[in-house]
Student: 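I have a structure I would like to understand better, so I am pasting it below and will then ask my questions one at a time.
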Amino acid sequence: PGRTSMIRFEEFYDTTLSDDLMILSYKDPKTEKEFIEKRMKKHPPLTKAALDVDNPFMRNRPPLKPRGGKKNQPIPPPQSHKTIPRLEEVYVHCMIKQAIHNKQHLLSGIMALQCITSERPRIIYSKTGVANWKLRAGMAIGCVVCIKGPPMYTFIDKLVEIVLPRLKEWHGVPMSSGDSNGNISMGFPSNALSLFPDIEGNYDSFPLMTGFDVTFNTTAYTDLEARTLLSGFQIPFNVRK
């Protein structure tokens, strides 16, 4: 049988939040054209010799290697009802440094992420080694889980309604968070993991509590649109940071 009802946050987005985002993220044709031209602008690499040709110290010297080479950002399609920002997927990641000495500690993080997301995590292996940490390349160091669809909205519902109001000394997501392409990440301490109702009822089953990071991947093309979308889901942002 198919789905009989929608998740509360999913229904809220389809009925209320999407209409508000369409108005708040609207750009007039002139602004939209300037935004697309700025994204299409190419940044060729320049050398120090090219910037200062008249400098006598730089004469008769071999040209330096080019530097820079800034990559172009993705160009948004024309505005329509299909380009309204929405959540695509959410990544929940945790790194367990105790797993360097004992791999058994990894089970606690895997079980915790599976409980709060209802999805099976994937183990992350280190790509390089660090001698001071006794870390070698290929060692299991953490786990990550990707959630989409109804489990994603269920996780956000628990995070916003239960975990965030009970957190102490957490002042919200900094306004500087984002990669300029509509993806925003935030980190939480280890005590936030124990506030989820799936773990709080079986707290003794998890011998190790660790901090975790949450990354929201959206269809927005700017951080402003992504912050507007997440603030609609009651995720607080701190203007001072």
Side-chain angles (χ1 to χ4, degrees), residues 3-14 16-17 86-100 102-125 140-175 177-178 183-218 226-227 229-238 241:
R3 296 176 58 184
T4 57
S5 62
M6 297 177 65
I7 306 298
R8 185 170 67 94
F9 268 35
E10 185 179 6
E11 184 179 4
F12 167 71
Y13 176 85
D14 292 335
T16 305
L17 187 57
R86 68 179 301 127
L87 281 171
E88 276 190 330
E89 54 193 6
V90 175
Y91 285 89
V92 186
H93 164 264
C94 71
M95 190 191 79
I96 306 171
K97 62 181 180 180
Q98 292 86 350
I100 298 176
N102 188 1
K103 294 182 180 180
Q104 299 292 336
H105 293 298
L106 241 142
L107 296 175
S108 181
I110 293 174
M111 291 168 54
L113 291 191
Q114 187 169 355
C115 284
I116 65 177
T117 61
S118 302
E119 298 287 343
R120 187 173 181 178
R122 174 172 54 88
I123 298 177
I124 296 177
Y125 299 91
I141 195 62
C143 53
V144 63
V145 59
C146 176
I147 46 179
K148 303 178 182 178
M152 175 183 66
Y153 290 103
T154 303
F155 172 76
I156 297 175
D157 192 2
K158 290 186 291 186
L159 181 68
V160 170
E161 298 291 341
I162 301 176
V163 178
L164 296 185
R166 299 171 61 187
L167 270 181
K168 297 180 181 180
E169 297 181 358
W170 191 76
H171 305 288
V173 185
M175 294 293 289
S177 178
N183 304 317
I184 294 181
S185 301
M186 58 193 73
F188 296 95
S190 58
N191 59 343
L193 194 61
S194 60
L195 297 178
F196 282 90
D198 312 279
I199 294 181
E200 191 175 14
N202 302 311
Y203 184 80
D204 296 335
S205 302
F206 304 92
L208 179 66
M209 287 294 166
T210 179
F212 62 97
D213 299 325
V214 181
T215 302
F216 295 92
N217 290 356
T218 69
R227 286 194 295 265
L229 171 62
L230 295 182
S231 62
F233 287 114
Q234 301 179 8
I235 295 179
F237 286 86
N238 190 357
K241 290 188 179 182

Student: Quick check: closest heavy atoms across Cys115 and Lys158, and the distance to 0.1 Å?
Tutor: O-NZ, 4.2 Å
Student: Run the numbers on Leu17 and Leu229 for side chain to side chain contact (heavy atoms under 4.5 Å, CB included), then give the verdict.
Tutor: CA-CA 8 Å; Leu17 187 57; Leu229 171 62; 4.1 Å; yes
Student: Are Tyr153 and Phe12 packed together at the side-chain level, in the sense that at least one heavy-atom pair is separated by less than 4.5 angstrom?
Tutor: no
Student: Please find the pair of heavy atoms, one from Cys146 and one from Glu119, that lie closest to each other, and give the distance.
Tutor: O-CG, 4.4 Å
Student: To check you understand the geometry: which heavy-atom pair defines the closest contact between Ile141 and Leu106, and what is its length?
Tutor: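 Closest approach of Ile141 to Leu106: N-CD1, 4.4 Å.
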Student: With heavy-atom distances below 4.5 Å as the criterion, would you say the side chains of Trp170 and Pro236 are in contact?
Tutor: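 A side-chain contact under 4.5 Å exists here.
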Student: Indicate yes or no: at least one non-hydrogen side-chain atom of Ile7 is less than 4.5 angstrom from one of Asp157.
Tutor: no
Student: Let me confirm one number: the NE2-SG distance from His93 to Cys143, rounded to the nearest 0.5 Å.
Tutor: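 Separation between the atoms: 7.5 Å.
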Student: Are side-chain heavy atoms of Phe216 and Ile235 found at a separation under 4.5 Å?
Tutor: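 Phe216 reaches Ile235 side chain to side chain.
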Student: If you measure from CZ on Phe155 to CZ on Phe9, what distance do you get to the nearest 0.5 Å?
Tutor: 12.0 Å
Student: Working note: Leu230 + Leu87, criterion side chain to side chain contact (heavy atoms under 4.5 Å, CB included); need CA distance, chi angles, decisive distance, verdict.
Tutor: CA-CA 9 Å; Leu230 295 182; Leu87 281 171; 4.1 Å; yes
Student: How close do Met111 and Ser205 get, counting heavy atoms only, and between which atoms?
Tutor: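 Heavy atoms only, the tightest pair is CE-O, 4.0 Å.
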Student: I'd like to know if the side chain of Ser177 and the backbone of Ser185 have a donor-acceptor N/O pair within less than 3.5 Å.
Tutor: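 Indeed, once roles are kept as given, a pair shorter than 3.5 Å links the two residues.
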Student: Should the pair Tyr13 and Phe233 be assigned to parallel (<30°), tilted (30 to 60°) or perpendicular (>60°) ring geometry?
Tutor: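 Correct class here is parallel.
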Student: Rounded to the nearest 0.5 Å, what's the gap from CD1 on Ile184 to CZ on Phe237? Could you check?
Tutor: 4.5 Å
Student: Is any side-chain heavy atom of Glu88 less than 4.5 Å from a side-chain heavy atom of Met152?
Tutor: no
Student: Nearest 0.5 Å please: distance from the CG atom of Leu195 over to the CE atom of Met209.
Tutor: 9.5 Å
Student: Once rounded to the nearest 0.5 Å, what's the spacing between atom NE2 of His105 and atom CD1 of Ile110?
Tutor: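 The distance works out to 13.0 Å.
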Student: Distance check, rounded to the nearest 0.5 Å: Ser118 atom OG versus Asp198 atom CG?
Tutor: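 The OG atom of Ser118 sits 6.5 Å away from the CG atom of Asp198.
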Student: State, to 0.1 Å, how close Ile96 and Gly109 come at their nearest heavy-atom pair, and which atoms those are.
Tutor: CD1-CA, 3.7 Å
Student: May I ask you to test the Asn191-Leu167 pair for a side-chain heavy-atom distance under 4.5 Å?
Tutor: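 Sidechains of Leu167 and Asn191: in contact.
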Student: I need the minimum non-hydrogen distance between Pro165 and Val160, along with the two atoms involved.
Tutor: CD-O, 3.2 Å
Student: If we only count heavy atoms from C-beta on, is the Leu164 to Phe188 side-chain gap below 4.5 Å?
Tutor: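 The answer is yes; the side chains approach within 4.5 Å.
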Student: Do any N or O atoms from the side chain of Ser108 and from the backbone of Leu208 form a donor-acceptor pair under 3.5 angstrom?
Tutor: yes
